[in-house]
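Just so it is clear, the values below take in all heavy atoms, side chains as well, and ignore hydrogens, waters and symmetry mates. Here is how names work: the chains are called A, B, and so on, in the same order as the sequence lines, proteins then strands, and each is numbered from 1.
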Amino acid sequence: MTTAATFEIEYRQYLDPDGHPIGKQLPAIARDLDHLVELYQLMSFTRVFDTKSIALQRTGKLGTYASCLGHEAAHAAIGSAMRPEDVLAPAYREYAAQFYRGVKPRDVLMYWGGDERGNDFSGPRHDFAWSVPIATQCLHAAGSALAFRIRGEQRVAVSVCGDGGSSKADFYAALNCGGAFELPLVLVVVNNQWAISVPRSKQTGAKTLAQKGIAGGLHCLQVDGNDLIACREAMDQALDRARSGGGASVIEMVTYRLHDHTTADDARRYRDDAEVKAAWQREPIGRLRAYLTRLGAWSDAREDTWKAQCEERVNEEVDAYLSTRAQPVEAMFDHLYGDTPLEIAQQRALAVAREVKHG
Amino acid sequence: MAEITLIEGVTQALAWEMRNDPSVVVLGEDVGVNGGVFRATVGLQEQFGPWRVIDTPLCETSIAGLTVGMACQGLKPVAEAQFEGFIYPMLEHLMCHAVRMRNRTRGRLTCPLVVRAPWGGGIRAPEHHSEANEALFANVPGLRIVIPSSPARAYGLLLAAIRDPDPVIFFEPKRIYRQYKEEVSDDGEALPLDVCFVLRDGRDVTLVSWGATIKETLEAADALEAEGISAEVIDVATIKPLDFDTIHESVAKTGRCVIVHEAPKNVGVGAEIAARLAEQAMYDLLAPVERVTGYDTHIPLFRLEMKYLPPVGRIVEAAKRTLAA
């Protein structure tokens, strides 16, 4: 028998769940303590924001909201590794990545609060809006990467989908294009183990989600998605490779969704509390805090001060969101077309007239 | 001014715009080396290279998704769906993203893209190659649907479609791709979108159509003329948004209207025109509006397809019924 092809998928992890280094060789990012503190603060801020957002939804002040609880390391690594000129095509819960790129919490609240202006967000104007249809954003990133390739730009497109998203035709199509065109593209699968109620074990027969990229000729890697250092190193390497003409990558970040899929979901219907409790032992924020504290870069006192600052900042963002008035009725017509057709202009006039008359 | 066919009008428009706008990129299956299965893109890759005229992997989902991504990042992609019957895998990207991008981001991101698709029956093609599903798209907010019916309108409307700031579906009536030639000046002059073209003045009945059935509609007008009946013929050209005012103006003059399309009748674009006439022009009408359309069946394989497509005789009969009412 001859073998046509063989492959291996590397798994990378640098911090154990208690924040102890694994092995002797840590990447350079592990020694950049100032930057790690910055990323720790981003992650913990995001958690405060997430907790507040869920509370807002529960009290009727926000629509359906997709929590990012437990995904903070993966998302912080993605956002912080990218350059401003790169393009992010997120799914709908990558807030830490977006906050690092300049998106404001009030933008996120506006979006889930039912206002299109949330998608006209701060941060890079060329970044994609949240994508509710699953994994379609993978192809938008591939198309962006193709545009960069055509124009000879040193930019990279990054998309993020979940373990469920990796089952979609769009994900396979995107990685196929990434390989066929040798695109500056990084496809990140944040594998949080659950696609609403369908567990990872029923999602695919593949041993890893990263290996799906093998079929497309991509560089593939699986990392501990709760280990900020492993996630960030993987992103740095994939972005460097893409930027230098080395082609596209798939990174699977193995994490766990600690909250319901969205506030409209009740995960207790389909998963055991014991599994969630066990997952809490591996969560990313405590792990990084333990690492930084052990090295003297963080302390309980700083934690208390920072938490208070987070609460204050989040409250400011919530106040900004809640004090924003709804758009006027004509807003639904004004951005439909660049050149407004007559029939839309006529419908707009009717809506405005009705508003003036009836309010 | 050279005499060209409809498909040559498509090719010339693409070449003109690619020469004059470096952001225009053509992509699709077989569009490069092969010049497209109908040869609409023939010679373009030789002129503009493989990164301006891109042979994609065989995946319509890819073509649509790449097109959205490229458009949002400042290119003007013109994608080819090899046949309209293969467009369904593109629908999610077109409906969920392309047409919503401007609105959902308040204009921060836009999708100035064109999807070209050979459309309609009558060329003895295999299954799934002969559909006319413009009504499927006409219900989608944020879209433009353009169907040319002559070489000059293919050239001028495609230029306009590429220059339009929003997504345009450009359905090409393949039955008349090479049916006749007309003089078209390759001067980069676009024709207006969102307007109907009055192809023939008349006073007794208004015949409204688009795409390949314009041919039978004009022939029906000739036949009616021979019997002393004066028919006005309107080519809708932009199916959505609809220039209803031009249709209304004509019907106000003639009092009668026959709508001709090869797509199925039920919830077809003809139904929309008829409904608007009922809403806004009822007191101008001297007779019920007639629709001459394909049947509410799948378009049959080619032994029967000419029985499915509306012939001249059915249009003439319908026009006479409106006159007798």
| Side chain / backbone / both / neither for A:A180 at chain B, heavy atoms under 4.5 Å | side chain

| task | Determine the interplanar angle of the A:H140 and B:H93 rings, folded into 0 to 90°, and report it as parallel if under 30°, tilted if 30 to 60°, perpendicular if over 60°. | result | perpendicular

| note | B:D194 and A:P341 have their tightest heavy-atom pair at OD2-CB, 4.0 Å

| field | Over 12 non-hydrogen atoms of neighbours within 6.0 angstrom of NZ in A:K104 | value | no

| field | Residue among B:T56, B:L66, B:L27, B:T238 with most heavy-atom pairs under 4.5 Å to chain A | value | B:L66

| With a cut-off of 6.0 Å (strictly less than), are more than 12 heavy atoms of other residues, nucleotides or ligands near CD of B:E46? | no

| message | With a 4.5 Å cut-off on side-chain heavy atoms, are B:R104 and A:Y111 touching? | response | yes

| query | Can you tell me how far the CE atom of B:M70 sits from the CG atom of A:L139, to the nearest 0.5 Å? | reply | 12.0 Å

| task | Please examine the side chains of B:D245 and A:L342, heavy atoms only from C-beta on, and report whether any two atoms are closer than 4.5 Å. | result | yes

| Per-residue contact mode, A:Y172 against chain B (heavy atom under 4.5 angstrom) | neither

| Just how far is it from atom OG1 of B:T61 to atom CG of A:D170, taken to the nearest 0.5 Å? | 6.0 Å

| NZ/NE/NH1/NH2 to OD/OE distance under 4.0 Å, A:E116 and B:R102 | no

| task | Heavy-atom distances under 4.5 Å only: say whether A:A331 touches chain B with side chain, backbone, both or neither. | result | both

| Atom group of A:L336 that falls short of 4.5 Å from chain B, counting heavy atoms | both

| query | If only atom types and distance count, is the side chain of B:D166 paired as donor or acceptor with the main-chain N or O of A:G338 below 3.5 Å? | reply | yes

| field | Side chain / backbone / both / neither for A:V132 at chain B, heavy atoms under 4.5 Å | value | neither

| query | Is there a donor-acceptor contact under 3.5 Å from the side chain of B:Q73 to the main chain of A:H126? | reply | yes

| Of the listed residues (B:R106, B:R144, B:H97, B:M101), which shares the most heavy-atom pairs with chain A below a 4.5 Å separation? | B:R106

| request: May I ask you to test the B:L75-A:R151 pair for a side-chain heavy-atom distance under 4.5 Å? | output: yes

| note | Closest non-hydrogen contact found for B:R108 with A:F128 is NH2-C, 4.2 Å

| task | Measure the shortest side-chain to side-chain distance between A:P133 and B:E92 over non-hydrogen atoms and say whether it is less than 4.5 angstrom. | result | yes

| request: Would you indicate whether B:N139, at its atom CG, is surrounded by more than 12 heavy atoms from other residues, nucleotides or ligands within a distance under 6.0 Å? | output: no

| task | Considering non-hydrogen atoms only, spot the tightest contact between A:F181 and B:W51 and give its length. | result | O-CH2, 3.9 Å

| said: Does B:Q280 have more than 12 heavy atoms from other residues, nucleotides or ligands lying within 6.0 Å of its CD? | reply: yes

| In terms of heavy-atom contacts, does CE of B:M95 have more than 12 from other residues, nucleotides or ligands at under 6.0 Å? | no

| request: Mind checking the CG-CZ spacing from A:N119 to B:R100? Nearest 0.5 Å is all I need. | output: 10.0 Å

| task | Using modelled atom types only, decide if a donor and an acceptor are shared between the side chain of B:R52 and the backbone of A:I150 within a distance under 3.5 Å. | result | no

| query | So, for B:P57 and A:N176, which heavy atoms are closest and what is the spacing to 0.1 Å? | reply | CB-ND2, 3.5 Å

| How far apart are the closest heavy atoms of A:L146 and B:I54, and which atoms are they? | CD2-CD1, 4.2 Å

| Non-hydrogen atoms of B:T105 and A:A129 that approach each other most closely | CG2-CB, 4.0 Å

| query | Which region of A:Q137, side chain (C-beta onward) or backbone (N, CA, C, O), has a non-hydrogen atom less than 4.5 Å from a non-hydrogen atom of chain B, or is it both or neither? | reply | neither

| Largest heavy-atom contact set with chain A, pairs under 4.5 Å, which of B:P77, B:S62, B:P165 | B:S62

| task | Compare all side-chain heavy atoms of A:T136 with those of B:C96 and state whether any distance is below 4.5 angstrom. | result | no

